[in-house]
Amino acid sequence: MLTQVSEVVPVPAWPFLLVLSCGGCWSVTAKMLRNLLALRQIGQRTISTTSRRHFKNKVPEKQKLFQEDDEIPLYLKGGIADVLLYRATMVLTIGGTAYAMYQLAVAAFPKKQE
């Protein structure tokens, strides 16, 4: 009976990862590891060398807007986007409830078998 012995080779960049070599699988695994290492290096380089964008602090403006007492509900103070989202949510909720009640009525009163 012939058995194939696999050798275990540690990868220096990732000490916790062990690679098993077995015939033709070794070359595919080595290529994949090289690609992963290159990708990791590119990712580190990209993240560490990017300049930070400075944004204007809009928190005080938003606090002032939301703390005004102008009889507008809080969930609508964000502008037209909030109004549209609120109305869409209400339409979907009411429509879904009506459809669920319709389906319950259909299930409660099945058609008579002839």
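Think of L65 as one node in a network of Ile, Leu, Val, Met, Phe, Trp and Tyr side chains linked at under 4.5 Å; its network also takes in F66, L74. Here F109 sits alone; no ILVMFWY side chain lies under 4.5 Å from its own, so it joins no hydrophobic cluster.
Shown here is M101, whose CE atom has no more than 12 heavy atoms of other residues, nucleotides or ligands within 6.0 Å.
Residues satisfying the side-chain contact (heavy atoms from CB on, under 4.5 Å) criterion with E71, sequence neighbours excluded, are D69. Residues passing the side-chain contact (heavy atoms from CB on, under 4.5 Å) test with P73 are Y75, L76, sequence neighbours excluded. Partners of K77 under the salt bridge (Lys or Arg N to Asp or Glu O under 4.0 Å) rule, at least two apart in sequence or in another chain, are D70. Every side-chain contact (heavy atoms from CB on, under 4.5 Å) that V59 has, sequence neighbours left out, goes to N57, Q63. In terms of the side-chain hydrogen bond (donor to acceptor under 3.5 Å, both in side chains) criterion, residue partners of E61 (sequence neighbours excluded) are, by chain and number, K56.
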Return a table of donor-acceptor pairs under 3.5 angstrom between the side chains of residues 79-89 and protein atoms on other chains or two or more places apart.
from : atom 1 : to  : atom 2 : distance (Å)
D82  : OD2    : G78 : N      : 2.9
T89  : OG1    : L85 : O      : 2.7

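A side chain to side chain donor-acceptor pair (under 3.5 Å) check over residues 91-105, counting only residues at least two apart or in different chains, returns the pairs Y99-Q103.
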